[in-house]
Trainee: 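Before we start, here is the structure in question, set down as structure tokens.
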Protein chains: 2
Amino acid sequence: MDAHGRVKSHGYRMTRQRRAVIEVFAEHPGRPLNPADVHLLASEKMPDIGLATVYRALELLCELDVVRRVHLHEEAQHYELNTGEHRHHLVCVSCRGVFPYRGCDLEELEERVRGESDFQVISHCLSIFGYCGECLASAKA
Amino acid sequence: MDAHGRVKSHGYRMTRQRRAVIEVFAEHPGRPLNPADVHLLASEKMPDIGLATVYRALELLCELDVVRRVHLHEEAQHYELNTGEHRHHLVCVSCRGVFPYRGCDLEELEERVRGESDFQVISHCLSIFGYCGECLASAKA
DNA sequence: GATAATATTGAGAATAATTCTCATTTATAT
DNA sequence: ATATAAATGAGAATTATTCTCAATATTATC
Ligand SMILES: [Mn+2]
Ligand SMILES: [Mn+2]
Ligand SMILES: [Zn+2]
Ligand SMILES: [Zn+2]
């Protein structure tokens with residue numbers, strides 16, 4: 001089901017504000033955004049959208065699994081559209097660039113946890129920090 | 001080298017406040033603490049220690065690798081003593097309990113990233129969310 | 001152990017991130 | 001078109017963190 005359907009099927013209303021927030025994510029694939037980013041970008045579509053509304057929309061969309069929280073070791077929370085694909089991020093500590101990383105074996109990891117303890121895994125959060133190719137190249141120059 | 005040595009060898013002074021913060025961590029092994037926690041516990045040893053000083057101590061000790069940041073998907077940052085052992089955490093979303101998890105193959109992961117991209121890995125952050133055994137048991141009861 | 005140089009601290013102001021309150025607006029079922 | 005309740009905007013309130021600056025404490029040197 002798409003974002004619109006998920007909002008409606010849970011009894012929530014599809015407001016112009018929520019639509020704007022979803023559109024902002026769709027227009028910036030692969031780029032994690034924080035609430036202030038989303039507010040700024042959504043303002044271009046809806047000049048009067050409030051910051052609190054953006055926070056509320058992000059909370060709801062996160063709950064509905066339309067967007068997901070991305071952990072970047074920064075002050076503000078970041079979010080990205082949930083494409084359905086399981087993935088994590090390579091975060092450049094120099095330019096703060098974020099690159100997708102798909103090589104995570106969730107099943108193997110969960111299985112190991114299950115085998116070692118009585119903990120029931122729901123999800124996990126993995127972020128990889130280092131230097132991106134571009135920053136490495138410019139450091140050598 | 002121990003915490004004291006690391007502080008001194010980098011030209012920093014070993015103050016009573018920093019000692020108190022280090023002691024607090026040593027006295028609560030395996031329990032990630034946030035700045036407010038550390039401040040409260042350190043206050044028992046040093047009633048006048050300031051919160052800003054705790055923040056400054058945590059920043060320094062993190063830089064010196066005496067403590068490490070732990071990601072729990074909470075508002076405040078959490079820290080724990082760096083025992084030298086590579087490990088992550090199982091976080092119970094019900095009781096917020098935190099349990100150590102040692103089954104992470106850092107080398108294999110870094111190798112895969114290296115093979116797939118030109119990203120140079122420094123570190124990674126993994127947290128596993130779910131339900132702890134105790135919470136599962138009480139849910140069934 | 002006293003002295004001097006300066007790193008560190010405490011207090012509180014300042015900033016940043018997030019949440020809350022409440023009157024007004026808007027989406028949606030009828 | 002109308003009624004009802006959900007959602008919003010504005011700004012206050014809260015929480016987390018950083019900054020400023022005068023006072024204090026650590027450490028090297030005597
Ligand atoms: Mn994964
Ligand atoms: Mn690991
Ligand atoms: Zn980079
Ligand atoms: Zn639990």
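Each chain gets a letter, A, B and so on, in the order its sequence line appears, and its residues count up from 1.
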Trainee: Answer yes or no: is there a side-chain heavy-atom contact under 4.5 Å between B:Phe99 and A:Ser117?
Mentor: no
Trainee: In whole Å, I'd like the distance from the OH atom of A:Tyr55 to the P atom of C:dT21.
Mentor: 17 Å
Trainee: Would you mind reading off the distance between B:Arg19 atom CZ and C:dT9 atom P, rounded to a whole angstrom?
Mentor: 12 Å
Trainee: To the nearest angstrom, how far is A:Arg18 atom CZ from C:dT26 atom P?
Mentor: 15 Å
Trainee: Does a side-chain N-to-carboxylate-O contact under 4.0 Å join A:Arg87 and A:Glu80?
Mentor: yes
Trainee: Please determine whether a side-chain nitrogen of the Lys or Arg among B:Glu108 and B:Arg112 lies less than 4.0 Å from a carboxylate oxygen of the Asp or Glu.
Mentor: yes
Trainee: Taking any atom under 4.0 angstrom from a heavy atom of chain B, which nucleotides of DNA chain D are the first and last to qualify, 5' to 3'?
Mentor: D:dA16 to D:dT27
Trainee: Does a donor on one side chain sit under 3.5 Å from an acceptor on the other, for A:Glu63 and A:His10?
Mentor: no
Trainee: Looking at C:dT26, I'd like to know if its phosphate oxygens (OP1 or OP2) sit under 4.0 Å from a side-chain N or O belonging to A:Thr15.
Mentor: no
Trainee: Between C1' on C:dT19 and CG on A:Leu60, what's the gap in Å once rounded to a whole number?
Mentor: 16 Å
Trainee: Name the orientation class of the two ring planes belonging to A:His71 and A:His73 (parallel below 30°, tilted from 30 to 60°, perpendicular beyond 60°).
Mentor: perpendicular
Trainee: Does the side chain of A:Val38 come within less than 4.5 Å of A:Asn34's, by heavy atoms?
Mentor: no
Trainee: Could you check whether B:Arg16 gets within reach of a base, just the sugar-phosphate, or nothing at all, counting any heavy atom under 4.0 Å?
Mentor: sugar-phosphate
Trainee: Send over the distance from B:Leu51 CG to C:dA13 C1', rounded to a whole Å.
Mentor: 14 Å
Trainee: Distance check needed: C:dA16 P versus A:Gln77 CD, whole Å only.
Mentor: 18 Å
Trainee: Please name the pair of heavy atoms, one in A:Asp37 and one in A:Pro32, separated by the smallest distance, quoted to 0.1 Å.
Mentor: OD2-O, 4.5 Å
Trainee: In whole angstrom, what separates B:Arg56's CZ from C:dA7's C1'?
Mentor: 11 Å
Trainee: Evaluate the ring planes of A:His124 and A:His88, with Trp represented by its six-membered ring, and classify them as parallel (under 30°), tilted (30 to 60°) or perpendicular (over 60°).
Mentor: tilted
Trainee: Near DNA chain C, counting only heavy atoms under 4.0 Å, which residues of residues 6-14 of chain A show up?
Mentor: A:Lys8, A:Arg13, A:Met14
Trainee: What's the CG-C1' distance between A:Asn34 and C:dA16, to the nearest Å?
Mentor: 11 Å
Trainee: Indicate yes or no: at least one non-hydrogen side-chain atom of B:Tyr12 is less than 4.5 angstrom from one of B:Leu64.
Mentor: yes
Trainee: Please classify the nucleic acid contact of A:Asp48 as base, sugar-phosphate, or nothing, using heavy-atom distances under 4.0 Å.
Mentor: sugar-phosphate
